[in-house]
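In what follows, a single structure is set out as structure tokens and then discussed.
Nothing fancy with the numbering, it's 1 onward along the sequence. As the structure is a computational prediction, the values presented were derived from the model and not from experiment. As the structure lists them, so they are numbered: ligands from 1, and atoms in each ligand from 1.
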Amino acid sequence: MGILTADRDRAPGGGKVGDRLADNVRRVRERIGEACARAGRDSAEVTLVAVTKTVGFDTVARLLDMQVFQLGESRVQELARKAALAREYVERRRRETASEVVRPPDWHMIGHLQRNKVKALLSHTSLIHSVDSLRLAEEIDQQAGRLGRVAEVLLEINAGLEPQKHGIPVGAATHLAEQLTSLESLRLVGVMTMAPFDADEPGLRACFTRLAELFQEIRAEVVRRPDFRHLSMGMSRDFEIAVECGATMVRVGTALFEGVDAG
Ligand SMILES: *Cc1c(COP(=O)(O)O)cnc(C)c1O
């Protein structure tokens with residue numbers, strides 16, 4: 001009956017039971033802060049990218065209302081769809097409230113990218129985390145050039161010990177980074193990894209440390225620009241370890257949306 005369903009998410013006083021999404025965002029930020037403290041780092045160095053691939057646009061809109069503006073998606077079509085909805089939402093909110101507190105988010109493309117999808121992606125994304133071949137980089141460079149833009153990208157590296165579907169081997173990374181420096185409409189601004197799914201804590205730490213070392217090496221010897229600055233590693237199950245190992249961007253989905261309606 002109506003009463004039961006209507007009252008299910010009401011607190012006794014009539015207000016909404018603690019806002020689960022806001023609580024989750026706060027808690028993840030706290031955990032990032034605690035991991036920074038353990039590592040002697042400033043938490044301003046770490047950007048939380050909220051991965052919205054499992055939730056609908058209603059949840060994205062609530063994130064924007066909470067000033068969470070760094071959002072990640074793993075598929076081009078879904079990223080483009082949500083990006084268009086976000087632009088409409090922001091315009092509507094600005095008309096309603098005559099304020100600028102809500103702005104369109106920065107969309108991070110974090111999933112495997114095929115060359116034939118690059119064109120559809122470029123106008124929506126601010127950072128592509130998943131460049132794993134020269135051919136893909138060349139396509140991004142070409143399409144960005146046509147738009148008169150410079151596309152910022154990360155190299156996806158397989159820093160775990162087992163072979164994985166995506167990401168270039170550690171041993172090939174420096175050479176590929178060097179090749180990318182000659183592309184005019186593409187700017188390499190860092191590296192990214194996904195830890196192996198079955199890794200235990202020492203395995204995760206080894207993987208993230210390996211990537212952090214490679215990041216320093218590429219910065220010192222290949223790219224030598226201050227805008228080579230992003231170390232994207234860590235997901236819901238391992239972002240604290242990643243932060244302790246030097247991550248500047250963590251990509252978190254599940255931990256933000258636990259107990260939240262998927263809308
Ligand atoms: C889905 C995804 C994430 C977020 O994973 P959670 O475990 O839900 O936090 C991070 N990075 C990539 C590349 C993903 O595809």
Side-chain angles (χ1 to χ4, degrees), residues 20-21 23-32 35 46-57 59-60 62-63 68-83 105-114 117-118 121 124-133 136 152-160 162-168 173 189-201 203-204 207-208 211-212 215 230-263:
R20 194 62 197 267
L21 181 60
D23 288 346
N24 289 351
V25 170
R26 196 176 313 116
R27 184 65 195 128
V28 166
R29 287 202 171 125
E30 267 167 24
R31 289 169 61 191
I32 291 171
V46 182
T47 300
L48 169 63
V49 177
V51 178
T52 53
K53 68 188 180 197
T54 60
V55 297
F57 185 73
T59 305
V60 170
R62 293 179 59 211
L63 287 169
V68 176
F69 295 127
Q70 303 301 318
L71 306 182
E73 282 285 334
S74 59
R75 295 177 55 210
V76 171
Q77 208 179 352
E78 183 66 2
L79 187 153
R81 186 183 79 86
K82 282 180 177 140
D106 296 325
W107 289 102
H108 297 247
M109 174 59 191
I110 62 172
H112 181 65
L113 178 57
Q114 290 169 311
K117 301 274 175 66
V118 168
L121 171 70
H124 301 292
T125 188
S126 62
L127 182 62
I128 301 170
H129 290 229
S130 46
V131 170
D132 61 358
S133 73
L136 174 61
E152 297 208 323
V153 308
L154 308 181
L155 265 191
E156 180 171 356
I157 295 168
N158 173 16
E162 303 83 26
Q164 290 207 96
K165 238 184 3 196
H166 304 305
I168 56 164
V189 296
V191 293
M192 177 271 220
T193 200
M194 254 173 110
F197 281 106
D198 55 0
D200 56 6
E201 191 184 321
L204 292 168
C207 169
F208 294 146
L211 189 71
F215 170 73
H230 295 304
L231 188 44
S232 167
M233 55 189 195
M235 309 169 34
S236 291
R237 69 190 167 114
D238 54 24
F239 68 87
E240 289 152 301
I241 299 172
V243 166
E244 288 174 27
C245 295
T248 66
M249 275 184 181
V250 294
R251 312 175 306 268
V252 179
T254 316
L256 294 175
F257 303 118
E258 264 166 0
V260 175
D261 278 347

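Counting heavy atoms from C-beta on, the side chains of R75 and K53 never come closer than 4.5 Å. Using a 4.5 Å heavy-atom threshold, the side chains of V118 and M109 count as separate.
With rounding to the nearest 0.5 Å, the separation of CD in E156 from OG in S232 is 9.0 Å.
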Dump the pairs for me: ligand 1 N or O, protein N or O, distance under 3.5 Å, to 0.1 Å.
{"from": "ligand 1", "atom 1": "8 (O)", "to": "T254", "atom 2": "N", "distance (Å)": "2.8"}
{"from": "ligand 1", "atom 1": "8 (O)", "to": "T254", "atom 2": "OG1", "distance (Å)": "2.5"}
{"from": "ligand 1", "atom 1": "9 (O)", "to": "S236", "atom 2": "N", "distance (Å)": "3.0"}
{"from": "ligand 1", "atom 1": "9 (O)", "to": "S236", "atom 2": "OG", "distance (Å)": "2.5"}
{"from": "ligand 1", "atom 1": "9 (O)", "to": "G253", "atom 2": "N", "distance (Å)": "2.8"}
{"from": "ligand 1", "atom 1": "11 (N)", "to": "R251", "atom 2": "NE", "distance (Å)": "2.9"}
{"from": "ligand 1", "atom 1": "15 (O)", "to": "K53", "atom 2": "NZ", "distance (Å)": "2.7"}

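Using a 4.0 Å cut-off between charged side-chain N and carboxylate O, R26 and D23 make a salt bridge.
In terms of modelled atom types and a separation under 3.5 Å, the side chain of S130 and the main chain of H112 share no donor-acceptor contact.
Residues that satisfy the side-chain hydrogen bond (donor to acceptor under 3.5 Å, both in side chains) test with E78, not counting sequence neighbours, are R81, K82.
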